[in-house]
Number of protein chains: 2
Amino acid sequence: MPRPRSALLSVELIVNAALKLVDETGDFSFPRIARELGVSQSSLYNRIESREHIIELLRAQLFEEIPPQPVADQSWQDAARMLIRSYRDRFAQHPKLVPLLVTQTVHAPVVMGMYEDLALTLERSGLPTEDIGPAIASIDYFALGAALDATAPDEVWDPSPEQFPALRRATACSGTSAERVARAFNFGLDVLVAGIEMRAKQEIY
Amino acid sequence: MPRPRSALLSVELIVNAALKLVDETGDFSFPRIARELGVSQSSLYNRIESREHIIELLRAQLFEEIPPQPVADQSWQDAARMLIRSYRDRFAQHPKLVPLLVTQTVHAPVVMGMYEDLALTLERSGLPTEDIGPAIASIDYFALGAALDATAPDEVWDPSPEQFPALRRATACSGTSAERVARAFNFGLDVLVAGIEMRAKQEIY
DNA sequence: GGAAATAAATGAATATGATTCATTTTATGC
DNA sequence: GCATAAAATGAATCATATTCATTTATTTCC
């Protein structure tokens, strides 16, 4: 109950406990973090402000775990693919965290670095300046949606053939849920990059 | 307190009250629905099972509000664009509802019809069968991400020029948040359709 | 017409969760 | 040593989801 020799708590301990709970159960709560760390619930408030604060710390942690990769010595297509993939991979490290993050799409400083790399890469593609913002956003949307789908439970995607014959044909050869998401992600990535290439060549407008 | 002449409650009343609260405040709760309808909290459980149940009813409602549009008499490109746009427009009707829906990506029966239309349309594009599933998923990811971004608060997307020059250039000419999202959506839509077209022509692989 | 079943609404209770705050105790700077 | 800040706490508040036995009204069926 009194103040101990060395502090029992730290922001890092709290965030790690929260992340562990999220990975295991898909959510965290103050009582469970406190139990995990062997402290009282109210003690947590000496280090952090609120639940939202913990979520923002988790977001930062997710983007600090993987260092950005150098990208300048590749074709812009390969560079873009690598950047988008690494963006998605960060979410894939802690899939259950994604739903907690996306409900408030904050463009935190940690994400900005990757956006900057992407902007530089897209400038090399020859895309007109006014299209670079929309291109980054589109990529963001795609990666976010894919990350969200990756967290969805393994469901049987089995449309009844009578009602939805085309859907039935389309999903006939799907493996596990993870494989399906991975295939979709690879497909969308190629298609997006190819589409941007066309747009850059002004073959669509 | 006793049983009234005519029922005070119905599933529809509950769902409408929940939707109204979501539109106004971004969330709903049992106490507030009950207050809104002038009934007791526990009465709600005579009609609905749980909070999740209400969310699923809201999801269904969102997709029933807008009837599906006939699509067979257009080029597959225009048809695809229309389908994706209408998918997104449903979310735009009730933006604040989106975060509640995406946290559990369920492919409810209501969405299946649109998927079927999309599958039929993509078959007309000449895309190989095994790519149709991934194409639908990619489009889904993109539309979902865009819908989520549309709910984000109007933030000042103003990267400091020293740190992020390319990002600065890319976002120089942005208007309101809604305009930015709309531009990004239109761009991504064109790019996706163009990319799929290339893929169908087997010019990328 | 009346008994039995069912529908509707309720109050009270339980459990979990976020958050505040005054209090106690310990460390630390001067 | 003393003032002050740091650390942890218990207790309290408030909101929420959910359960359940109970009361009353309506319906059904003989």
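Labels below follow one simple rule: chain letters A, B, ... track the order of the sequence lines, proteins then strands, and each chain is numbered from 1. Everything numeric here is computed off the predicted structure, so don't read it as measured data.
Salt-bridge formation is detected for the pair A:Glu123/B:Arg169: a Lys NZ or Arg NE/NH1/NH2 atom is positioned less than 4.0 Å from an Asp or Glu carboxylate oxygen.
The salt bridge (Lys or Arg N to Asp or Glu O under 4.0 Å) test applied to A:Arg51 returns A:Asp27, not counting sequence neighbours. B:Phe30 is linked by a ring-ring contact (aromatic ring centres under 6.0 Å, His included) to B:Tyr45, counting only residues two or more places apart in sequence or in another chain. The ring-ring contact (aromatic ring centres under 6.0 Å, His included) test applied to B:Phe185 returns B:Phe142, not counting sequence neighbours. Every residue was checked against the salt bridge (Lys or Arg N to Asp or Glu O under 4.0 Å) condition with B:Glu12, not counting sequence neighbours, and none meets it. Checked against side-chain contact (heavy atoms from CB on, under 4.5 Å), B:Ala143 has the following partners two or more places apart in sequence or in another chain: B:Tyr87. Applying the side-chain hydrogen bond (donor to acceptor under 3.5 Å, both in side chains) criterion to B:Arg85, with sequence neighbours excluded, gives B:Asn186. Residues satisfying the side-chain contact (heavy atoms from CB on, under 4.5 Å) criterion with A:Glu64, sequence neighbours excluded, are A:Ala60, A:Val110. Evaluation of the side-chain contact (heavy atoms from CB on, under 4.5 Å) rule for A:Lys20 yields A:Glu24, A:Glu36 as partners, not counting sequence neighbours.
For residues 70-81 of chain B, every residue pair satisfying the salt bridge (charged side-chain N to carboxylate O under 4.0 Å, His left out) rule, not counting sequence neighbours, is listed here: B:Asp78-B:Arg81, B:Arg81-B:Asp190.
Within residues 8-15 of chain A, the residues having any heavy atom closer than 4.0 Å to DNA chain D are, in order of number, A:Leu8, A:Leu9. For residues 20-27 of chain A, proximity to DNA chain C is found at no residue, defined as any non-hydrogen atom under 4.0 angstrom from a strand atom.
In this structure, A:Arg35 places its CZ atom 11 Å from P of C:dA18, rounding to the nearest Å. Atom CZ of B:Phe28 and atom P of D:dA17 are 7 Å apart (whole Å). The CD1 atom of B:Ile55 sits 12 Å away from the C1' atom of D:dA17 (whole-angstrom rounding). Distance CD1 (B:Ile48) to C1' (D:dT16): 13 Å, rounded to an integer number of Å. Rounded to a whole Å, the CG atom of A:Leu100 is 14 Å from the P atom of C:dG17.
The backbone N or O of A:Phe63 sits less than 3.5 Å from a side-chain atom of A:Arg90, completing a donor-acceptor pair.
Mapped onto DNA chain D by nearest heavy atom, B:Pro31 and B:Ser6 fall at different nucleotides, with B:Pro31 at the one closer to the 5' end.
Among the nucleotides D:dA8, C:dT10, D:dT9, the one closest to any side-chain atom of A:Val39 is D:dT9. Counting only heavy atoms from C-beta on, A:Arg32 has its side chain closest to C:dG17 among D:dA17, C:dG17, C:dA9.
Between D:dA7 and A:Ser43, no contact under 4.0 Å exists linking OP1 or OP2 to a side-chain N or O. The phosphate of D:dA6 has neither OP1 nor OP2 within less than 4.0 Å of any side-chain N or O from A:Arg47.
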Any N/O pairs under 3.5 Å between the protein and nucleotides 18-22 of chain D? List them or say none.
from	atom 1	to	atom 2	distance (Å)
D:dT18	OP2	B:Tyr45	OH	3.2
D:dT18	OP2	B:Arg51	N	2.9

